[in-house]
Protein chains: 2
Amino acid sequence: MQPLDHFWKIHSISLMDDVTQDAEPPRDFEALRSKILARHDAMPKRLAQVARHALDHPDRMALSTVAELAEAAGVQPSTLVRFAQSLGYSGFSELQSVFRAQLRDRWPDYRERLARVKDESGAEPARILDRFIDTAARSVADLGRTIIPGEFDAASALLARAAHVYILGQRRAFPVASYLAYALGKLDFPAILLDNIGSMADVQAGRIGPADTLIAISFNPYTPSTIDLVRFAAGRGAAIIAITDSVFSPVSAEARVRLEVIEADLGAFRSLSATMALAMALAIASAEVRDAG
Amino acid sequence: MQPLDHFWKIHSISLMDDVTQDAEPPRDFEALRSKILARHDAMPKRLAQVARHALDHPDRMALSTVAELAEAAGVQPSTLVRFAQSLGYSGFSELQSVFRAQLRDRWPDYRERLARVKDESGAEPARILDRFIDTAARSVADLGRTIIPGEFDAASALLARAAHVYILGQRRAFPVASYLAYALGKLDFPAILLDNIGSMADVQAGRIGPADTLIAISFNPYTPSTIDLVRFAAGRGAAIIAITDSVFSPVSAEARVRLEVIEADLGAFRSLSATMALAMALAIASAEVRDAG
DNA sequence: CTCGATTCAGAATAAATTTTCCACTATTGC
DNA sequence: GCAATAGTGGAAAATTTATTCTGAATCGAG
């Protein structure tokens, strides 16, 4: 009976103190939003003013200081603090963290789906899966922001008119390389996978030339032999398309076109989901460019 | 002549003071990004470290405090300030405001992109990328529904106690297999990739036995040699974990555990994003199970 | 109207974050 | 190999920012 009793006690206090105190402030944005909406009409004038401003400009709520927001909303700084406290937070900062989390994590359509996935999480290993799904989905969605359309177009054009397409990726990047080799081969591109079997990558790439394009996939920590081979290819006049996780990759320096993929990481591990999506898109876009022109 | 004169003056000051002072720090993100990139190589070690972290995690730069970022980048708080000043800003706060503005403004652009995905189906390369992002993200999110938690748990348990883990995947499934081999190897599992080099998969799997587990990845159209090898392993008493796109896969019949991945397809092509996410989650979940028990 | 309670603005205080400073270390040019 | 110079880490100082507090204003009930 303890918990229930506790609940009712809190509830009655909450009614007595009107909207001044609350036991459990919302931790996610949607809950916060509905709570503000529900209370808005019962709020004192200035607090209502803040409430309105908060929902109208969530970005500013996440990024601005109390003073700036107070000015923008036409109230005193202290009003912001009281607003936060009236929702049950300890202060403005705690409220703001909810807006910030929202700004970091928001992405369209999939939010609801993922929330549902989260709720249903049961046993231990399955929870790990859920977290990976979450991370991978975010990485994929982020692709749209990190890839510069012009660069992607340029990469497709380079591939479409290449005499040969050489593909290089070692260790963690190898799965991507092998997939590209498969997809490009299927699409009838002259694709050559530099798999370094028998340490013969240099031999495999021996005849690379100015009419050719090399797709180099490389992630931190960068494999030295990948960098060497990229320099070799660049020296022979081949165009380089770099797929990396950072613009500071040594491979980027030599590249004609740079495609940066930021995979969200979970602990020490990074998925390849976003990179695979990019690889596939690149293969098909190149085929379309080639067949159109 | 005024502007040119001005330029040279700035330039000479800049050379004299090395990278310590600048007249006009970038006010928009793109300019800042290129400036950091251009200077990165000439920067002192710690500043370069900060530069890298800044471009690799722009969101954190926008939302975190100096202390948090310093910790994440592995430097002292003061280094962040010096970094900002070396770019011409008065301090860190001024630099951060550029990152914040970027975070605020990127949103409409993204929404526009997705809207474009939905109605248009043109062949422009960047548009193809958008559609793939959409498709891949959906596939990944769907994983949470198609994978049965119990099966995933069972797979983790099988891997955790396997004497050897054999991994088999050909053609389109090969990238997944090679990634699993990499990840499991890194996690200190006794992983053996049956890559079928020189058509020697049967030799590679020759010593498989009842204490071993075989992960078989297979998609329609199923590669006959994969099916043969799975039957061989099953005959020798090995446990089979099947990762497939359909429960009717011939590989499923022999399997102890079945993990079904339904990749949303775009035209005739299917991405591997969801499968890669599953592979990674499986590897790490298995490691957790092993280390817990 | 007037009492009582609630809400508010602004100053005062407290907390946090940023910035500066300086001794020490590494690097570079001679 | 040795100065001179530049870079670094750590902690103290300064600044910014959030929070609390108090008296005044407003509102509503009787």
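In the text below, chain A, chain B and the rest are named by the order of the sequence lines, each starting its count at 1. Just so it is clear, the structure is predicted and the values come from calculations on it, not from any experiment.
Annotation: proximity of residues 63-72 of chain B to DNA chain D (heavy atom, distance under 4.0 Å) is found for no residue. The stretch residues 74-82 of chain B touches DNA chain C through B/Ser78, B/Val81, each having a heavy atom within less than 4.0 Å of the strand.
With sequence neighbours left out, the side-chain hydrogen bond (donor to acceptor under 3.5 Å, both in side chains) criterion links A/Gln204 to A/Asp195. Applying the side-chain hydrogen bond (donor to acceptor under 3.5 Å, both in side chains) criterion to B/Arg27, with sequence neighbours excluded, gives B/Glu94. For A/Gln170, the side-chain hydrogen bond (donor to acceptor under 3.5 Å, both in side chains) partners two or more places apart in sequence, or in a different chain, are A/Ser225. With sequence neighbours left out, A/Ser252 forms a side chain to side chain contact (heavy atoms under 4.5 Å, CB included) with A/Thr244, A/Ser249, A/Arg258. Under the side-chain hydrogen bond (donor to acceptor under 3.5 Å, both in side chains) criterion, A/Ser271 pairs with A/Glu263, A/Ser273, sequence neighbours left out. Taking A/Ser97 as the reference, nothing meets the side chain to side chain contact (heavy atoms under 4.5 Å, CB included) condition, with sequence neighbours excluded.
In this structure, of D/dG7, D/dA18, C/dT7, it is D/dA18 that holds the atom nearest to the side chain of A/Ser93.
Taking the six-membered ring for Trp, A/Phe29 and A/Phe99 have ring centres closer than 6.0 Å.
Protein atom CE of A/Met61 is 11 Å distant from nucleotide atom P of D/dA18, rounded to whole Å. Atom CE in A/Met43 sits roughly 16 Å away from atom C1' in C/dC8 (whole-Å rounding). In this structure, B/Arg100 places its CZ atom 11 Å from P of C/dT17, rounding to the nearest Å. B/Arg46 has its CZ atom 15 Å from the C1' atom of D/dA6, to the nearest Å. Rounding to whole angstrom units, CD of residue A/Gln85 and P of C/dT7 are separated by 14 Å.
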Got a list of protein N/O to nucleotides 26-30 of chain C N/O distances below 3.5 Å?
none

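Contact annotation: A/Gln96 side-chain N/O to D/dT17 OP1/OP2 distance is not under 4.0 Å.
Among residue pairs with one or both ends in residues 242-265 of chain A, those qualifying as ring-ring contact (aromatic ring centres under 6.0 Å, His included) are A/Phe248-B/His40; sequence neighbours excluded.
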Output a table of donor-acceptor pairs, distance under 3.5 Å, between side-chain atoms of residues 47-58 of chain B and any protein atom two or more places apart or on a different chain; print 'none' if there are none.
| from | atom 1 | to | atom 2 | distance (Å) |
| --- | --- | --- | --- | --- |
| B/Gln49 | OE1 | B/Arg46 | NE | 3.1 |
| B/Gln49 | NE2 | B/Ala73 | O | 3.0 |
| B/Gln49 | NE2 | B/Gly74 | O | 3.4 |
| B/Arg52 | NH2 | A/Tyr222 | OH | 3.0 |
| B/Asp56 | OD1 | A/Ser246 | OG | 3.1 |

When the side chains of residues 228-243 of chain A are checked against the rest of the protein, which donor-acceptor pairs come out under 3.5 Å, sequence neighbours left out?
| from | atom 1 | to | atom 2 | distance (Å) |
| --- | --- | --- | --- | --- |
| A/Arg231 | NE | A/Glu254 | OE2 | 3.4 |
| A/Arg236 | NE | A/Ile208 | O | 2.9 |
| A/Arg236 | NH1 | A/Gly206 | O | 3.2 |
| A/Arg236 | NH2 | A/Ile208 | O | 3.1 |

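Looking only at distances, no side-chain donor or acceptor of B/Thr79 sits under 3.5 Å from a matching main-chain atom of B/Val75.
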